[in-house]
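Let me begin by presenting the structure, written as structure tokens, before commenting on it.
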Amino acid sequence: MVPGARIIVLGKQGAGKGTQCVRLSHHYVIPHISTGDMLRAAVKLETPLGQEAKRYMDAGELVPDEVLLGMVGDRLAQDDTMDRGFCLDGFPRTVKQAESLDLLLAPLELDVVIDLQVPTELVLERLASRRVCVDCGTNYSTSTPPRVAWICDICGGEVIQRPDDTEAAITRRLALYEKETAPLVSWYERTNRLVGVDGQGSPDDVTDRLVRAVDEHRRPEARGQ
Ligand code: AMP
């Protein structure tokens, strides 16, 4: 089996993080951990955490750390991530979350933090046409819909436009990205863990670039795991 890896993929909303993290998780046989998917599952189940998170999510605001960190800590403590690693998608989003993540992982370390780079104009286009399966989270778009009208190819779930893909919420999330997440990119750069990868082009080309970047930057001990 290929060695595992501990990977973070950063990037603006609509940069293709979700799709690429699924692909990386298959390639390296590691869990794909998306805080957005975990929160959406909690909202759907109407758990107390989901009820608390929903109002922030619908407005495009960040869910408070008190809600989020326990959820992420529990997930990272499970056997699959301890054994193989993970591809983290949507977390961390702030320097404070990144510091908490380092503490949660210690003494283990990240292999690589990827900044998936896509210009804002393209991201806006992608978000406007994005559609997603309510059950399994598979992404589609108006130009690449499921085979049968708005029924997920993978699980048969309903494919919809995300409730937070409204113009107002998208604008707010992009502003928050500049304010909170762009400094995080510089923070990882300063700690020598960041690799920029061009997120434009076909999904297969982007995946090839990502795998090359991970293989080049993986810690030497992880290569032989
Ligand atoms: P995503 O699917 O990653 O776009 O996340 C959807 C929404 O979930 C975000 O707009 C936030 O409201 C919330 N969320 C997901 N991850 C985080 C995080 N790391 N910190 C705070 N809020 C988050």
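For ligands, and for the atoms within them, numbers begin at 1 and follow the listed sequence. All values below come from the heavy atoms of this structure, side chains included, with hydrogens, waters and symmetry mates left out.
- Identified under the salt bridge (Lys or Arg N to Asp or Glu O under 4.0 Å) test for residues 112-132, with sequence neighbours left out: Arg130-Asp165.
- Tested against Phe86 for a side chain to side chain contact (heavy atoms under 4.5 Å, CB included), the candidates Asp80, Ile7, Leu105 yield a single pass: Leu105.
- Judged as a salt bridge (Lys or Arg N to Asp or Glu O under 4.0 Å), and not counting sequence neighbours, the contacts of Asp204 are Arg23.
- For a heavy-atom separation below 4.0 Å, the residues in contact with ligand 1 are Gln13, Thr35, Gly36, Leu39, Arg40, Met57, Glu61, Leu62, Val63, Leu68, Gly90, Phe91, Arg93, Gln97, Arg162, Asp164, Arg173.
- Residues Val148 and Asp153 fail the side-chain proximity criterion, which asks for heavy atoms closer than 4.5 Å.
- For Arg172, the salt bridge (Lys or Arg N to Asp or Glu O under 4.0 Å) partners two or more places apart in sequence, or in a different chain, are Glu61.
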**Asked** Passes side chain to side chain contact (heavy atoms under 4.5 Å, CB included), Leu10 versus Val113? Steps please.
**Response** CA-CA 7 Å; Leu10 302 175; Val113 180; 3.7 Å; yes

